[in-house]
Amino acid sequence: MAEEMQSNFIREIIDLDLSQGKNDGRVHTRFPPEPNGYLHIGHAKSICLNFGLANDYEVAKCNLRFDDTNPVKEEDEYVNSIIEDVKWLGFNTDNIFYASDYFEKMYIFAVQLIQQGKAYVDDQTPEEIRESRGSLKSPGIESPFRNRTIEENIQLFEDMRNGKFQNGEKVLRAKIDMASPNLNFRDPIMYRILHASHQRTGETWCIYPMYDWAHGLEDSIEGITHSICTLEFQDHRPLYDWFLDQLDVHHPQQIEFARLNLNYTIMSKRKLKQLVDEDHVSGWNDPRMPTLSGFRRKGYSPDSIRELCDRVGVAKRDGIIDIALLENCVREDLNKRSQRVMAVLDPLKVVITNYPKNQVEELDADNNPENEDDGKRTIPFSGELWIEKSDFMEDAPKKFFRLSEGKEVRLKHAYYITCNDVIKNDDGEVVELHCTYDPKTKGGWSDDGRRVKGTLHWVSIPHAVDAEIRQYEHLFNVENPNKTKDGESFTDNLNPDSLQIVSGCKLEPSLKNAELGNYFQFLRNGYYCIDTDSATDTLIFNRTATLRDTWGKKNK
RNA sequence: UGGGGGAUCGUUCAAUGGUAGGACAUCGGUUUUUGGUGCCGAGUAUUGGGGUUCGACUCCCCAUCCCCCAGCCA
């Protein structure tokens with residue numbers, strides 16, 4: 001299980017720092033989500049990286065820090081879900097911090113910067129600020145308010161804090177260089193006025209710090225040594241460094257890596273929220289969502305997600321991971337841990353004509369051939385059974401190993417049966433099969449060397465339990481949903497068949513006791529789990545993943 | 001071409017001047033009371049062009065392509 005950890009460029013940096021005695025031999029990372037949505041599998045990569053470092057290095061620690069600097073987008077619900085998801089992934093959530101706890105310290109630091117003559121209050125409108133920022137090719141223009149006195153700036157900033165101005169009326173900006181080729185240096189805004197209630201600080205503040213100003217301070221205050229973030233912040237690193245240098249405080253090292261992208265889905269929180277708000281999905285935890293809560297509900301194990309993060313590695317090249325890799329991770333994990341059970345999704349009735357009337361046998365079945373410790377259970381067998389409709393074919397090709405007239409197959413854990421008669425309704429549809437069983441093949445064996453290639457799953461009709469089964473496919477039907485034609489939105493790439501609800505499924509009776517969090521393999525069908533909508537009188541299962549199907553693939 | 005990054009099998013990660021390797025995907029074989037699992041095997045890559053070197057994915061030069069940045073979002 002504990003295979004050797006694959007190194008990456010970030011670990012190499014840390015190893016080097018450690019060998020040089022940097023940071024007093026400390027390693028301290030952080031995972032800093034903004035509580036403006038649910039965590040998705042892209043965040044899992046960052047969580048596994050940051051918390052993984054803390055787990056692997058004796059001296060390392062990792063904080064879970066909420067970057068709650070924008071009250072208009074953030075909610076308590078998101079905070080709670082994030083904690084739950086990090087915990088579910090298997091990481092320590094003892095060290096929880098909130099950026100909002102540092103607002104007062106940040107304010108004092110801002111005053112310090114003003115006193116150094118390196119920040120000023122700007123009265124320009126948002127439009128004026130945007131226009132005077134210049135463009136990629138042309139420098140910006142300095143604000144007419146750029147050279148206010150230190151005293152005036154301190155007074156104005158205090159007035160901002162005290163609510164004397166409306167939203168957008170004033171901002172505090174760092175005084176750096178309006179001609180810098182790095183746009184982030186063109187007098188970046190440090191504070192904006194937001195008369196909004198913050199989920200933790202309430203009405204205490206009406207000015208809120210911007211990311212560039214706040215984030216480095218948050219890291220610094222917590223004594224973070226390695227501040228790991230995604231590629232798009234590379235341009236911000238010089239500013240991160242600049243602020244910390246002016247203040248002469250503990251200065252963590254920002255390191256950027258490529259975020260995780262998966263094909264056939266999207267990773268933008270904004271767009272995921274849109275899917276929720278526009279009811280394209282049932283919620284943030286819809287099993288089709290790439291959120292951690294979605295995967296959890298769909299039946300993914302936390303181990304499988306962590307395994308994906310290990311396998312994708314950490315680098316600076318941005319790319320798109322094939323979702324088949326994730327699917328391989330769940331299958332591999334679930335193959336080892338899931339209980340094998342029998343469930344017929346699309347039932348066809350079979351009558352065993354030579355089976356004693358009203359007889360019922362309890363047959364032995366192992367719970368998991370991959371793990372003998374999972375033991376055995378018994379399954380009731382009777383003369384009337386459900387089998388899968390697709391396991392019968394009238395004019396079957398040679399390579400069809402399942403049932404057809406005159407052919408013999410094995411019923412898993414039970415007997416060999418041979419199909420003698422096909423009963424059809426007036427429309428010519430097959431509605432029932434009459435078969436005979438061989439009593440000498442109990443358990444599914446015969447000692448006469450007979451070769452029976454096909455093995456079918458089945459459920460005894462009088463003992464069957466009804467259930468609804470939800471079959472999922474990719475949320476989008478194109479690899480990159482963000483690539484849209486003119487005038488189209490990413491929602492136009494939604495897969496209309498991403499959810500298929502199958503009702504009237506027939507399950508073996510042991511499934512009556514299935515519980516939330518159990519992992520099942522419905523034999524020959526796939527991996528399934530109980531859905532949160534399930535109730536004792538109406539069982540509902542989600543398909544976590546299909547089994548690999550070389551036969552189905554070949555016949556496409 | 002303002003600045004910042006990045007280019008290695010189809011995808012992704014490695015190889016840090018010394019046989020380009022793994023995983024997934026694909027295709028084949030084998031085993032099997034799941035057409036699952038397992039096992040075995042195959043094909044496919046250093047963006048291009050120069051240079052340095054006994055030897056270059058790696059160092060140098062010149063091209064090319066891709067991504068990010070002009071929120072009072074993070």
Side-chain angles (χ1 to χ4, degrees), chain A residues 6-8 12 32-34 36 67 69-70 72-74 122 124-126 129-131 133-140 167-173 179-186 189-194 207-208 210-212 214-215 229-238 256 258 263 269-270 308 310-329 331-332 335-336 340 342 365-366 369-370 399-402 410-414 416 441 443-445 452-457 521-527 546-555:
Chain A
Q6 190 183 306
S7 191
N8 57 53
E12 283 169 15
E34 183 190 12
N36 65 344
D67 203 1
T69 57
N70 185 355
V72 308
K73 288 190 173 180
E74 299 154 7
D122 194 350
Q124 291 185 106
T125 65
I129 288 180
R130 177 166 23 88
E131 281 159 22
R133 186 150 31 223
S135 71
L136 294 180
K137 286 188 177 175
S138 55
N167 287 359
E169 216 178 310
K170 285 184 167 46
V171 288
L172 183 72
R173 300 178 76 176
S180 172
N182 182 343
L183 266 38
N184 296 308
F185 269 62
R186 322 249 259 227
I189 293 170
M190 296 164 62
Y191 280 92
R192 76 284 215 189
I193 297 170
L194 244 35
I207 57 170
Y208 290 92
M210 297 284 289
Y211 172 85
D212 285 309
H215 205 87
C229 62
T230 44
L231 253 26
E232 68 270 27
F233 292 103
Q234 287 174 124
D235 282 345
H236 295 250
R237 185 177 357 109
E256 310 87 10
N263 55 11
K269 265 201 261 182
R270 201 200 95 234
L308 174 83
D310 283 348
R311 289 200 207 173
V312 297
V314 178
K316 296 192 77 151
R317 166 167 41 156
D318 48 9
I320 302 173
I321 301 290
D322 192 341
I323 194 148
L325 182 62
L326 208 212
E327 287 164 359
N328 180 269
C329 291
R331 288 197 185 105
E332 191 178 288
N335 177 52
K336 281 179 277 178
R340 268 60 170 181
M342 293 201 285
D366 32 46
E370 303 291 321
K399 293 249 177 146
F400 187 78
F401 304 148
R402 286 107 103 139
R410 169 171 38 238
L411 294 179
K412 179 83 178 174
H413 306 305
Y416 293 176
T441 58
W445 295 102
V452 176
K453 184 90 175 160
T455 302
L456 310 187
H457 60 278
Q521 184 194 106
F522 289 3
L523 233 51
R524 304 208 303 139
N525 261 320
Y527 296 101
T546 59
L547 255 27
R548 274 185 62 206
D549 182 8
T550 49
W551 167 250
K553 199 179 279 177
K554 223 176 257 179
N555 288 279

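Residue numbers begin at 1 in each chain, while the letters A, B, ... track the order of the sequences. No hydrogens, no waters, no symmetry mates; every other heavy atom, side chains included, goes into these values.
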Answer with base, sugar-phosphate or nothing: what part of the nucleic acid does [X] contact at a heavy-atom distance below 4.0 Å?
| X | answer |
| --- | --- |
| A:His457 | nothing |
| A:Glu327 | nothing |
| A:Arg186 | nothing |
| A:Tyr527 | nothing |
| A:Val72 | nothing |

Would you please name every residue forming a ring-ring contact (aromatic ring centres under 6.0 Å, His included) with [X], sequence neighbours left out?
| X | value |
| --- | --- |
| A:Phe400 | none |
| A:Phe522 | A:Tyr528, A:Phe541 |
| A:Tyr416 | none |

Measuring only the [atom1] atom in each nucleotide, how far is [N] from [M]? A whole number of Å is fine.
| N | M | atom1 | value |
| --- | --- | --- | --- |
| B:G6 | B:G43 | P | 33 Å |
| B:U16 | B:G21 | C1' | 15 Å |
| B:G50 | B:U64 | C1' | 15 Å |
| B:C68 | B:U58 | C1' | 26 Å |
| B:C67 | B:U26 | P | 28 Å |
| B:A25 | B:G51 | C1' | 38 Å |
| B:A20 | B:C57 | P | 8 Å |
| B:G36 | B:C27 | P | 13 Å |

| said: Judged by each residue's nearest nucleotide on RNA chain B, which is more toward the 5′ side, A:Ile321 or A:Thr455? | reply: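 The residue mapped nearer the 5' terminus is A:Ile321.
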
| Taking the nucleotide of RNA chain B with the closest heavy atom to each, which residue, A:Lys412 or A:Arg237, is nearer the 5' end? |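 Going by which nucleotide is closer to the 5' end, it is A:Arg237.
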
Mind calculating the distance between [atom1] ([X]) and [atom2] ([N]) to the nearest angstrom?
| X | N | atom1 | atom2 | answer |
| --- | --- | --- | --- | --- |
| A:Asn525 | B:G35 | CG | C1' | 13 Å |
| A:Arg340 | B:U37 | CZ | P | 10 Å |
| A:Phe522 | B:G35 | CZ | P | 17 Å |
| A:Leu308 | B:U12 | CG | C1' | 10 Å |
| A:Leu523 | B:G35 | CG | C1' | 12 Å |
| A:Lys554 | B:G29 | NZ | C1' | 11 Å |

With [X] via salt bridge (Lys or Arg N to Asp or Glu O under 4.0 Å) - residues at least two apart:
| X | result |
| --- | --- |
| A:Asp366 | A:Lys376 |
| A:Glu169 | none |
| A:Arg186 | none |

| request: Find the distance between OG1 (A:Thr455) and CZ (A:Arg524) and round it off to the nearest 0.5 Å. | output: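 Atom-to-atom, A:Thr455:OG1 and A:Arg524:CZ are 7.5 Å apart.
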
| Taking atom CG of A:Asn167 and atom CD1 of A:Ile207, what is their separation to the nearest 0.5 Å? | 12.5 Å

| request: List the steps and the verdict of side chain to side chain contact (heavy atoms under 4.5 Å, CB included) for A:Gln6 and A:Val314. | output: CA-CA 10 Å; A:Gln6 190 183 306; A:Val314 178; over 6 Å; no

Which heavy atom in [X] sits nearest to a heavy atom in [Y], and how many Å separate them?
| X | Y | result |
| --- | --- | --- |
| A:Leu547 | A:Tyr527 | CD1-CE1, 3.5 Å |
| A:Glu34 | A:Asp67 | CG-O, 3.5 Å |
| A:Gln124 | A:Ile129 | CB-CG1, 3.7 Å |

| query | Nucleotide by nucleotide, 5' to 3', does protein get under 4.0 Å of the base (B), only the sugar-phosphate (S), or neither (-) in nucleotides 65-74 of chain B, counting heavy atoms? | reply | --SBBBSBSB

| Dot-bracket, RNA chain B: Watson-Crick or G-U, under 3.5 angstrom, [ ] crossing, | other strand? | .((((((..((((....[..)))).(((((.......)))))....(((((..]....))))))))))).....

| Can A:His413 and A:Met342 be said to form a side chain to side chain contact (heavy atoms under 4.5 Å, CB included), step by step? | CA-CA 10 Å; A:His413 306 305; A:Met342 293 201 285; 4.3 Å; yes

| Looking at residues at least two apart in the chain, or sitting in another chain, which of them share a side chain to side chain contact (heavy atoms under 4.5 Å, CB included) with A:Thr230? | A:Glu232, A:Phe233, A:Phe257, A:Arg259

Mind listing the N/O atom pairs, protein and nucleotides 20-26 of chain B, below 3.5 Å?
{"unit_1": "B:U26", "atom_1": "OP1", "unit_2": "A:Lys553", "atom_2": "NZ", "d": "2.6"}

| request: Please evaluate the base of B:G35 for a donor-acceptor partner in the side chain of A:Arg524 within a cut-off of under 3.5 Å? | output: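 Flag unset: no donor-acceptor pair detected.
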
| Syn/anti state of B:G10 by chi, 90° boundary around 0 |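 Base orientation relative to the sugar is anti.
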
Please write out each protein N/O paired with an N/O of nucleotides 40-42 of chain B under 3.5 Å, distance rounded to 0.1 Å.
none

| query | Between A:Arg130 and A:Thr125, does any side-chain donor sit less than 3.5 Å from a side-chain acceptor? | reply | no

| said: Which residues pass the side chain to side chain donor-acceptor pair (under 3.5 Å) test with A:Glu256, not counting sequence neighbours? | reply: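 Partners of A:Glu256 under the side chain to side chain donor-acceptor pair (under 3.5 Å) test: A:Arg237, A:Gln254.
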
